[in-house]
Amino acid sequence: MLLSTRGRRIGGRVALGVVSTVVLGATGYLWTQLGSLDDGIVTADVIPPAAQVDTDDTPPGEPLKVAQNLLLVGIDARTDAYGNPLPQNVLDALHAGGGDDGGDTTDTMIVVHIPAGGAAATAISIPRDSYVDIAGGYGKHKINSAYSRGKNAAMSGLRAHGLSGAQLEVAANEAGAKTAIQTVEKFTGLTINHYAAINLAGFDALSQAVGGVEVCLKAPVHDTYSGADFAAGPQTLSGAQALAFVRQRHGLVNGDLDRIARQQAFLSGMAKKVLSAGTFTDPAKLSSLVGAVQGSVVLDKDWDILSFAQQLRGMTSGAIAFATIPVQSLSLQTPSDGDAVKVDPAQVQQFVRTAISTAAVQAAGDETTGDVKPVAATGTKAPAPGTSGTSDAKQPATSTAAGCVN
């Protein structure tokens with residue numbers, strides 16, 4: 001069955017995907033509350049058996065026995081998780097344009113590595129315009145197009161099997177997710193064990209459910225493309241404003257790299273806000289958070305988020321480290337895709353191996369509920385001096401969520 005729900009599952013895009021799988025271990029009260037929630041999360045069969053982690057012999061609450069890799073994506077979709085079109089008034093409020101403006105590209109892609117024991121996590125961002133080999137024989141294109149290429153290619157065959165409307169959309173989305181997962185695996189050298197995706201409206205609702213997230217900008221911005229219109233300095237954003245903050249790339253010095261820095265800062269702020277607000281010890285707040293992502297989130301069908309989060313209780317004194325893959329150029333001319341981000345797969349895979357093998361994760365920021373320090377250093381490693389093609393590479397400066405971003 002292509003579409004199913006599981007009442008005990010909770011997850012979501014960048015923020016919710018990491019927060020609910022990495023930080024939820026802070027409170028014991030959560031476990032008794034989540035089991036009673038009836039809200040379902042849409043699931044999809046996108047992880048092959050060989051990549052699935054067998055946890056049947058792991059007692060509830062025991063730490064992870066094996067390392068796991070999660071792919072978290074934000075999809076620029078104009079439909080909800082059930083395949084139904086989002087209302088035009090919602091799209092207008094989000095500055096998302098019409099139904100023909102999206103293309104179902106994955107404008108946010110983050111691989112989260114959880115080591116055995118679950119004491120820390122490393123979240124690695126991939127620029128949306130990275131020029132890579134797309135799985136499935138599509139050739140070299142921007143990595144954010146992998147999802148839409150796989151989805152569009154599956155459409156005709158699915159129609160031939162009698163699918164239409166929302167049912168067709170859901171089945172095609174599943175095909176798109178598989179192509180995106182396979183592309184990321186080929187590019188990073190990692191096996192993806194779990195998948196979580198959220199659409200535009202879901203991120204809007206999520207940020208409102210937690211009462212907004214505090215961010216800080218180095219300078220005021222005004223961008224008509226994303227709707228970003230913010231003053232300089234610290235401020236709390238939610239809803240369409242929060243979405244504009246993490247989506248803006250026009251007018252930023254380093255384009256998509258600066259947008260990635262914003263996404264990482266917002267995620268850290270989200271984790272801190274959720275824990276300090278006592279969301280997981282307040283049944284009403286917890287219910288509001290789960291309700292915010294209903295119809296917006298898709299998880300792989302074999303991911304039991306509750307059990308997974310229980311296995312991460314050892315992270316209460318740990319942290320999440322954020323990094324961005326090294327890039328060689330921000331203006332690679334391509335045959336058919338315009339300007340792209342030039343990357344070296346071998347260099348990226350070495351970077352990933354180094355990042356996930358680093359034992360120490362430096363936490364920053366004040367302790368929150370449960371003595372958790374969810375705010376971690378955000379940065380990336382630039383290519384070594386003298387590396388071919390690095391002359392115009394611009395890497396985001398190391399910062400923390402407490403600092404200001406472009």
Side-chain angles (χ1 to χ4, degrees), residues 10-27 30 53 55 58 61-74 108-126 184 188-196 260-261 263-275 280 299-300 303-325 351-365 367-381 398-401:
I10 174 174
R13 189 194 177 155
V14 186
L16 188 58
V18 174
V19 171
S20 60
T21 59
V22 176
V23 192
L24 290 190
T27 63
L30 165 69
V53 179
T55 59
T58 302
E62 289 295 315
L64 292 175
K65 290 188 176 182
V66 296
Q68 298 186 30
N69 301 308
L70 328 175
L71 176 60
L72 312 177
V73 303
T108 301
M109 302 187 81
I110 298 180
V111 177
V112 181
H113 176 78
I114 312 290
T122 303
I124 303 173
S125 294
I126 302 173
V184 169
T188 64
L190 297 176
T191 296
I192 299 301
N193 309 113
H194 288 299
Y195 170 85
I260 285 175
Q263 293 169 350
Q264 294 173 344
F266 192 91
L267 170 58
S268 292
M270 171 75 79
K272 184 176 182 179
K273 177 64 179 292
V274 167
L275 292 174
F280 300 119
L299 300 179
D300 67 87
W303 195 0
D304 187 335
I305 289 294
L306 178 57
S307 295
F308 185 78
Q310 285 179 307
Q311 294 169 339
L312 298 179
R313 289 186 176 182
M315 197 172 290
T316 54
S317 59
I320 309 169
F322 294 92
T324 303
I325 64 167
F351 171 81
V352 170
R353 287 193 295 269
T354 300
I356 67 176
S357 63
T358 302
V361 177
Q362 298 299 320
E367 292 186 356
T368 57
T369 303
D371 296 328
V372 179
K373 293 182 178 180
V375 184
T378 301
T380 188
K381 296 183 180 178
T398 299
S399 64
T400 67

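Residue numbers start at 1 and run along the sequence shown.
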Closest heavy-atom contact between Ala355 and Thr122? O-OG1, 3.7 Å
Roughly how far, to the nearest 0.5 Å, is the CD1 atom of Ile110 from the CZ atom of Phe322? 7.0 Å
Verify the distance criterion only: is there a donor paired with an acceptor across the side chains of Ser125 and Gln264 at less than 3.5 Å? yes
Output for pair (His194 NE2, Asp300 CG), nearest 0.5 Å, gives 5.5 Å
Excluding sequence neighbours, so at least two apart, what forms side-chain hydrogen bond (donor to acceptor under 3.5 Å, both in side chains) with Asn69? His113
Which residues satisfy the side-chain hydrogen bond (donor to acceptor under 3.5 Å, both in side chains) test with Thr188, sequence neighbours excluded? none
Which heavy atom of Thr324 sits nearest a heavy atom of Phe351, and at what distance? O-CZ, 3.4 Å
Pairwise side-chain contact, Ile192 with Val111, heavy-atom cut-off 4.5 Å (strictly under): yes
After noting the C-alpha distance and the side-chain angles of Ile356 and Ile124, does the key distance pass the side chain to side chain contact (heavy atoms under 4.5 Å, CB included) rule? CA-CA 9 Å; Ile356 67 176; Ile124 303 173; 4.3 Å; yes
Is any side-chain heavy atom of Asn193 closer than 4.5 Å to one of Trp303? no
